[in-house]
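Down below is the structure, laid out as structure tokens.
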Amino acid sequence: SAIGHLNSDSATAFGNDGEPVVAGDGNGHWIAVWESDAPFGLDDDDEYDVHMARSSNSGATWGSVEVLNNDSDAISWDTRPYIATDGKGHWVAVWMSTSDLAGGNLDHYDIHVARSTDNGDTWSDPAALHTNAKIGPSMDFYPIVKTDGNGNWMCAWESNNTLGGTVGDDYDILFSISAD
């Protein structure tokens, strides 16, 4: 098979793309997410954002590159995205971010989440995944999200958050579960 470019702007855009993750729903819909420091729209700084592309024909062709984190004009680092679907039109993307979601920048990484209920056509605004967000200086890294296909979603990530002193300040694996 041939090798091609998934991101349609690869011939003209400059910047570094990396950490790709691709998910499919079993019905021909595919979404790829990756981190990129390529300028996009009004975003012309050197920070990273989460970019994405969609296919509705089992990956035969891919649509235009879009920025998934719609706060991409903030001076923050949005990296290490991960995406999952329940195969019923619902998609959840998670990533690590230094954005405080109010246009500012944190001194640590938190896990952010966005969701789509229309096969990735539109996305919710980014939100903090857990209630300990914005509480520094703990660092949350490398999120992964999965679903059981019945409305339950689980995200796990690496963190040195002490959870109010209930665990040590070494790195542990934390998780969050959502039923909505």
Side-chain angles (χ1 to χ4, degrees), residues 1 3-8 17-36 48-72 76-99 101 109-134 138-161 163 166-167 171-180:
S1 69
I3 296 176
H5 295 278
L6 182 123
N7 52 327
S8 59
D17 298 324
E19 304 299 331
V21 176
V22 179
D25 68 357
N27 298 310
H29 298 101
W30 290 83
I31 298 178
V33 295
W34 64 93
E35 64 184 46
S36 179
Y48 278 81
D49 289 309
V50 177
H51 289 199
M52 62 167 277
R54 293 176 294 141
S55 172
S56 59
N57 57 8
S58 299
T61 59
W62 291 85
S64 299
V65 174
E66 301 174 38
V67 175
L68 192 142
N69 60 302
N70 63 12
D71 65 341
S72 66
S76 61
W77 287 65
D78 297 279
T79 62
R80 300 294 178 124
Y82 201 93
I83 192 165
T85 182
D86 63 1
K88 300 172 187 171
H90 304 105
W91 297 74
V92 172
V94 295
W95 63 93
M96 45 193 263
S97 178
T98 61
S99 170
L101 297 172
Y109 279 100
D110 282 329
I111 305 303
H112 288 184
V113 60
R115 62 190 187 102
S116 174
T117 58
D118 56 11
N119 280 319
D121 286 340
T122 60
W123 290 88
S124 67
D125 289 337
L129 179 79
H130 55 83
T131 57
N132 290 333
K134 296 188 182 183
S138 65
M139 302 290 273
D140 297 326
F141 296 123
Y142 315 119
I144 295 176
V145 64
K146 298 288 183 176
T147 183
D148 65 1
N150 294 312
N152 300 301
W153 299 80
M154 180 178 186
C155 182
W157 67 95
E158 176 184 329
S159 180
N160 67 347
N161 189 316
L163 300 179
T166 60
V167 296
Y171 281 91
D172 295 304
I173 305 302
L174 303 183
F175 71 94
S176 181
I177 297 174
S178 173
D180 63 356

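Keep in mind the model is a prediction, meaning the values are calculated, not measured.
- Annotation for T79 and W95: closest pair O-CB, 3.4 Å, computed over non-hydrogen atoms.
- Residues I111 and F141 come closest through the heavy atom pair CD1-N, 4.2 Å.
- Annotation: F175, atom CZ; neighbour count of heavy atoms from other residues, nucleotides and ligands within 6.0 Å does not exceed 12.
- Separation of atoms OH (Y109) and OH (Y142) is listed at 9.0 Å; rounding is to 0.5 Å.
- Using modelled atom types, one side-chain atom of T98 and one backbone atom of W77 make a donor-acceptor pair closer than 3.5 Å.
- Counted by atom type alone, S36 and D17 present one or more donor-acceptor pairs between their side chains at under 3.5 Å.
- Between the side chain of T85 and the backbone N or O of H90, at least one donor-acceptor pair lies under 3.5 Å.
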Let me see the working for D140 and S159 under side-chain hydrogen bond (donor to acceptor under 3.5 Å, both in side chains), right down to the final yes or no.
CA-CA 4 Å; D140 297 326; S159 180; 2.5 Å; yes

Would you check, one step at a time, whether the test side chain to side chain contact (heavy atoms under 4.5 Å, CB included) holds for H112 with L129?
-> CA-CA 5 Å; H112 288 184; L129 179 79; over 6 Å; no

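- More than 12 heavy atoms of other residues, nucleotides or ligands lie within 6.0 Å of CH2 in W157, so this atom counts as buried by the packing criterion.
- Of all heavy-atom pairs between A114 and L68, the closest is CB-CD2, 3.9 Å.
- Remark: E19 engages R80 in a salt bridge (charged side-chain N to carboxylate O under 4.0 Å, His left out) (not counting sequence neighbours).
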Please step through side chain to side chain contact (heavy atoms under 4.5 Å, CB included) for the pair Y82 and V33, ending with a clear verdict.
CA-CA 7 Å; Y82 201 93; V33 295; 6.0 Å; no

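- The shortest non-hydrogen separation linking V50 to P81 is CG1-CB, 3.8 Å.
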**Request:** Could you walk me through whether V113 and V92 pass the side chain to side chain contact (heavy atoms under 4.5 Å, CB included) test, one step at a time?
**Result:** CA-CA 7 Å; V113 60; V92 172; 3.6 Å; yes

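- Considering CD of E66 and CZ of R54, their distance stands at 5.0 Å, rounded to 0.5 Å.
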Next on the checklist: Using side chain to side chain contact (heavy atoms under 4.5 Å, CB included), reason through N161 and L174 one step at a time and then give a plain yes or no.
Outcome noted: CA-CA 9 Å; N161 189 316; L174 303 183; 4.2 Å; yes

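- Proximity of a side-chain donor or acceptor of K146 to a complementary backbone N or O of A84 within less than 3.5 Å is not detected.
- The backbone N or O of T61 sits less than 3.5 Å from a side-chain atom of S55, completing a donor-acceptor pair.
- Distance check, rounded to the nearest 0.5 Å: CD1 of I144 to CE of M154 gives 10.5 Å.
- Between the side chain of S56 and the main chain of H29, no donor-acceptor pair closer than 3.5 Å is present.
- When atom types are taken as modelled, the side chain of S124 and the backbone of R115 share a donor-acceptor pair closer than 3.5 angstrom.
- When all heavy atoms are compared, the tightest approach of N150 to D148 is N-OD1, 2.7 Å.
- Counting only distance, with no hydrogens or angles, the side chain of N69 and the backbone of D49 share no donor-acceptor pair below 3.5 Å.
- When all heavy atoms of W91 and W123 are compared, the closest pair comes out as CB-CH2, 3.7 Å.
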